[in-house]
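Inspection log for the structure reproduced underneath, given as C-alpha cells.
Throughout, residue positions are numbered sequentially from 1 according to the sequence presented. Atoms within a ligand are numbered from 1 in the order they appear, just like the ligands themselves.
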Amino acid sequence: MPGFEIFGDEERKEVQDVLDTGVLFRYGFDQARKGHRKAKTFEAELSKLTGAQYCHLCSSGTAALSIALAACGVGAGDEVIVPPFTFVATIEAVLEAGAVPVFAEIDETLCLNPDAVNAVITPRTKAVLPVHMCGSMARIDEIKDLCDKKQLVLIEDACQAIGGSFNGKALGTFGQMGCFSFDPVKTITCGEGGAVVTNDENLYKIAEQYADHGHDHIGDDRGLEGHPVLGTNYRISELNAAVGLAQLRKLDYILKKQRVHKKAIKDALAQFPEVSFRRIPDENGDSATFLSFFLPDESKARKIAGELGNAGVDACFYWYDNNWHYLRQWDHLKRLKSAAKLPAELFEHCQNYDEINLPLSDKIIGRTISMLIKLSWTEEELSQRIEKIVEVIGKH
Ligand SMILES: *Cc1c(COP(=O)(O)O)cnc(C)c1O
C-alpha cells in the first residue's frame, strides 16, 4: 500500500521545482512561481482520475472530512451515521463539526451494512458517512439509494481507497462529496495531505473557501478578497502537493503491483477451508491495498495473527485489539474524554457511547485478520512470505 516505498527522482524533481521558485504557498505569487502550481495540477489530475468534476486538495484526510461535512451543511446537533470500523479520524471529524456520531453495524464487506444504516435513521439524521475500509468498497450503490430515498447527505470516506471503484465508478464519487487521505502510510502520499472531490460546483466553492479562512479567491489582491463564509485553515503547501503529484502519477503502477501481490497470497490461502474472505461487492474495483480474511472464531483469529507476527510475517493486523481502528478500544470516545467540551455533549440525543452494543460488528472484526500488501516485495520475498503464511495457518 504505501507510496513511500517508491519515492524516487520523480518526487525529487517536483519538490525541486517548488524550491527553485521559493513559492511554497498555493495561492498568488503568479510571476515568482514560474508556472508551477503543484496543488492546482494535482487537483486537475485527481479530478480526471476519479471522474469527479471538482477536487480540492487540503492538509489531511481528517481535514477533508471536516471540509466535506461543513460544505454539506452538517453541523451542530446533526446526526451522522458512521461505522465502528474505521480510523478514528472519521469520528473525530464528526465531533469537530459539532455533530453527533451514530454507529451502525458493519457486515462482511467490513463496511456499513445498508440495512443497519436504515435501522438507525431518525428525524435528526443529516448524513451517512460510509468508510471504504482497507482499500475495498462498501455496498455503496445500496447506501446511495437509501440516502437518496431518505434525502440524506452521503459523504464517502475513501481515505484508504484511492483508485478503487464500484461498477467502473470511482469510490468517492457516489455521494455529495468524497474524501481522500495522502498521509505518510496511504496508497499515495503527500507527506501530509488530503482531498475532497465532488460534482457539485456550489459544494466545491464552499469547500475551497472554508479550507482557506473563507477567501473567495476572486481577483489578484488577497487582502481585498471577499469572505462569503467563515472558515479555517486546512491548506496544503506546494511542497506537500509536489510530492503528491509525483505519487499520483504512479498510482496505476501501484495498483497493478498490489493486485498481483494480493492475488498470489489470496490464492494460497484459498486452500484452507476454514479461511473465508472479506466480501468485495466488485472485485474488479478492489484497490488491493489489503487482504482481509476471516477465521472461524475470535480465539483462532487472535492466535493466528500472533503466530504470523512471530513467524516474521510483518504488517498483519488484528483490528479487534487495535487501539485506533475499532470502537471496542476507543475508551476516549466512550467516555468523551476531549480536550475541551464538545458541542455533541450539549445534545440530549448524544448517545452514551460506553453503552453501545454492536454484536454483529464484534463478531466480524473479532474473526478478521488483514494483511498489508506491499509494493517493494521481490518475487522471492513474496514466495517466502506465502510459505510462512501457509505453514502457520496449516498448523491449525
Ligand atoms: C487515514 C485515514 C483518515 C485520516 O487521514 P489523515 O490524512 O491521516 O488525517 C480518515 N479516515 C480513514 C479511513 C483513514 O484511513
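For ligand 1, the atoms lying closer than 4.0 Å to a non-hydrogen atom of Thr86 are 13 (C). Under a 4.0 Å criterion applied to the non-hydrogen atoms of Ser60, ligand 1 contributes the atoms 7 (O), 9 (O). Each of the atoms 11 (N) of ligand 1 lies under 4.0 Å from some heavy atom of Thr90. Within ligand 1, counting atoms from 1 as listed, the ones closer than 4.0 Å to a heavy atom of Val131 are 13 (C).
A salt bridge links Asp9 with Arg12: the distance from a Lys NZ or Arg NE/NH1/NH2 to an Asp or Glu carboxylate oxygen falls below 4.0 Å. Salt bridge Lys34/Asp20: absent, no basic N to carboxylate O contact under 4.0 Å. Ion pairing between a basic and an acidic side chain is recognised when a charged N comes within 4.0 Å of a carboxylate O; Lys149 and Asp145 show no such pairing.
Geometrically, Arg302 does not engage Tyr320 in a cation-pi contact, judged by NZ or CZ lying under 6.0 Å from the ring centre and within 45° of the ring axis.
Side-chain contact of His217 with Glu208: a donor-acceptor pair under 3.5 Å is present, judged by distance alone. A donor atom on one side chain and an acceptor atom on the other are found under 3.5 Å apart for His215 and Glu225.
At a heavy-atom cutoff of 4.0 Å, ligand 1 is contacted by the side chain of Ala89 but not by its backbone.
Among all protein heavy atoms, the one lying closest to atom 4 (C) of ligand 1 is Thr62 OG1, 3.5 Å. Atom 2 (C) of ligand 1 has Lys186 NZ, 3.0 Å as its closest protein atom, hydrogens excluded (heavy atom only). In terms of protein heavy atoms, atom 5 (O) of ligand 1 is closest to Ser181 OG, 3.2 Å. For atom 8 (O) of ligand 1, the closest heavy atom belonging to the protein is Asp183 OD2, 2.6 Å. Looking from atom 11 (N) of ligand 1 to the surrounding protein, the closest heavy atom is Asp157 OD2, 2.8 Å.
Each of Lys48, Arg26, Arg37 was compared with Glu43 under the side-chain hydrogen bond (donor to acceptor under 3.5 Å, both in side chains) criterion, and only Arg26 meets it.
Between Cys159, Gly193, Pro83, it is Cys159 that holds the heavy atom closest to atom 10 (C) of ligand 1. For the residues Glu192, Gln160, His325, the heavy atom positioned nearest atom 15 (O) of ligand 1 is part of Gln160.
Taking every heavy atom of both residues into account, Gly98 and Phe347 meet most closely at O-CE1, 4.1 Å.
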